[in-house]
Amino acid sequence: MTNTLVVLLGPTGVGKTALSFHLARHLHTPIISSDSRQFYRGLEIGTAAPTFEEQQQIKHHFIGILDVTDYYNAAQFETDVLSLLETDIFKQAPTGLIVGGSMMYIDAVCKGIDDIPTVDESIRQELLERLEKEGLDSLRMQLKILDPEYYAEVDLKNHKRILHGLEICLMSGKPYSSFRTKKVKERPFNILKIGLNRPREELYERINLRVDEMIKQGLVEEARKFYPYKHLNSLNTVGYKELFQYFDGNWEYDFAVNMIKQDSRNYARRQLSWFNRYDDIHWFHPDNEEEIFEFIDTSLYQFDIYL
RNA sequence: GGUGCCAUAGCUCAGUUGGUAGAGCAACGGACUGAAAAUCCGUGUGUCCCUAGUUCGAUUCUUGGUGGCACCA
């Protein structure tokens, strides 16, 4: 029997979680979360992470494994997931299940990610200060000298990309572009991508309702606990950053809640824009559960025959 | 009931000395390799309230409606 990783993806709020539970039972396998913000402990309400009770029913990996002050990235996720599949999940079941919407993380698992040095915190800080003092233009000019190839293709207005390219050049003494082979790595298992989507109006309606639900569950209190950490990347997250504006007195409460809805909708749109690049995703409406299961069963069966 | 003001994009509003219109926000599309729920780029999507006039031509001027707001009764 060949091993297969089923990838369940879709925009935020589409209904991945509900379906993932049924699918995990069906496949007799735990759920690997690939929602990068669900990795952080304490952000359960705002990231719609599965509750403790739900995790009692179905084993979940990667939920709440990090402290908000911890550093993590997609490459580490690739390593962690591959090792988990090899040493644990595929030992117990032929099929793994990864569920989420963080596309860079999913891509890292499915296609691999280039071997680039991990960023040194002091260099990043230094460059951030330079960005503040000297402006983006200065960093751009230096990148142009150190890595003309990347400079030619990078989005010159995106300071994060400029900064990252430059910090890799400075750290390694080699051009950032020399690390970017963009080679797709072979995986020792099949990958079956299932995409969930709904008509836009329906999706937005669900997102709006879910935000109201989060507020009822105590999102404001949850966010207040992390107010002292608002400068951290992990808290630069939809559902928290807007409430921090409210705590700071910059926004009215109702306005902040509406902004959470808006930012969630925009996030969903950006996710969909990423998905559109792929032609290996099999799309379904989340309500068609039987159809989805049937499709997965058939696909798994075919993998076994042809390999 | 009377008088005045207003009606233009999803919203708030500009504007056209008469030649079918443009800002902000929203919305929509896109990019994406160790910060990614991040970050960045692009795009006006319109019975200019309705009707009848004047005019070569009306969203703009005039008549009559309709709706809203304010004041007076």
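No hydrogens, no waters, no symmetry mates; every other heavy atom, side chains included, goes into these values. Everything numeric in this text was worked out from a predicted model, so none of it was measured. First the proteins, then the strands, lettered A, B, ... as listed; each starts at 1.
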Length of the line joining [X]:[atom1] and [N]:[atom2], which is rounded to integer Å:
| X | N | atom1 | atom2 | result |
| --- | --- | --- | --- | --- |
| R37(A) | U39(B) | CZ | C1' | 12 Å |
| Q76(A) | A36(B) | CD | C1' | 15 Å |
| E167(A) | A35(B) | CD | C1' | 9 Å |
| I106(A) | U33(B) | CD1 | P | 16 Å |
| Y267(A) | A35(B) | OH | C1' | 14 Å |
| K160(A) | G34(B) | NZ | C1' | 12 Å |
| L163(A) | A35(B) | CG | P | 10 Å |
| L139(A) | U39(B) | CG | P | 18 Å |

Say you pick atom [atom1] in [N] and the same atom in [M]; how far apart are they, in whole Å?
| N | M | atom1 | value |
| --- | --- | --- | --- |
| A7(B) | G29(B) | C1' | 32 Å |
| A36(B) | U47(B) | C1' | 44 Å |
| G44(B) | U51(B) | P | 29 Å |
| A31(B) | U45(B) | P | 22 Å |
| G19(B) | U59(B) | C1' | 12 Å |
| A9(B) | C48(B) | C1' | 10 Å |
| U60(B) | U55(B) | C1' | 13 Å |
| G46(B) | U54(B) | C1' | 26 Å |

Taking only side-chain nitrogens and oxygens of [X], does any of them come within less than 4.0 Å of OP1 or OP2 of [N]?
| X | N | answer |
| --- | --- | --- |
| Y176(A) | U33(B) | no |
| Y105(A) | A36(B) | yes |
| Y71(A) | G34(B) | no |
| R200(A) | C28(B) | yes |
| R161(A) | U39(B) | no |
| K241(A) | A38(B) | yes |

Legend entry - Presence of donor-acceptor pair under 3.5 Å, side chain of R269(A) and base of G29(B): yes

Inset, instruction - Please confirm whether any donor atom in the side chain of R124(A) sits under 3.5 Å from an acceptor in the base of A35(B), or the reverse. - result: yes

Base partner of [N], which must satisfy Watson-Crick or wobble distances under 3.5 Å:
| N | value |
| --- | --- |
| U17(B) | none |
| G53(B) | C61(B) |
| U43(B) | A27(B) |

Legend entry - First of N236(A) and I168(A) reached from the 5' end of RNA chain B, by closest nucleotide: I168(A)

Legend entry - Toward the 5' end of RNA chain B, by each residue's nearest nucleotide, H164(A) or D155(A): H164(A)

Legend entry - Partner of I292(A) by side chain to side chain contact (heavy atoms under 4.5 Å, CB included), out of I194(A), D287(A), D297(A): I194(A)

Test of ring centre spacing under 6.0 Å for [X] and [Y]:
| X | Y | result |
| --- | --- | --- |
| F77(A) | F62(A) | yes |
| Y176(A) | H164(A) | yes |
| F21(A) | H60(A) | yes |

Legend entry - Plane angle bin for Y72(A) and F39(A) - parallel if under 30°, tilted between 30 and 60°, otherwise perpendicular: perpendicular

Inset, instruction - Answer with base, sugar-phosphate or nothing: what part of the nucleic acid does S264(A) contact at a heavy-atom distance below 4.0 Å? - result: nothing

Legend entry - Pairwise distance CZ(R269(A)) to OG1(T12(A)) - rounded to 0.5 angstrom: 14.0 Å

Legend entry - Torsion-based syn/anti label for G34(B), 90° from 0 as limit: syn

Legend entry - Minimum-distance nucleotide (side-chain atoms of N158(A) versus C28(B), G34(B), U39(B)): U39(B)

Legend entry - Stepwise salt bridge (charged side-chain N to carboxylate O under 4.0 Å, His left out) check, R180(A) with D114(A): CA-CA 6 Å; R180(A) 285 162 53 90; D114(A) 286 328; over 6 Å; no

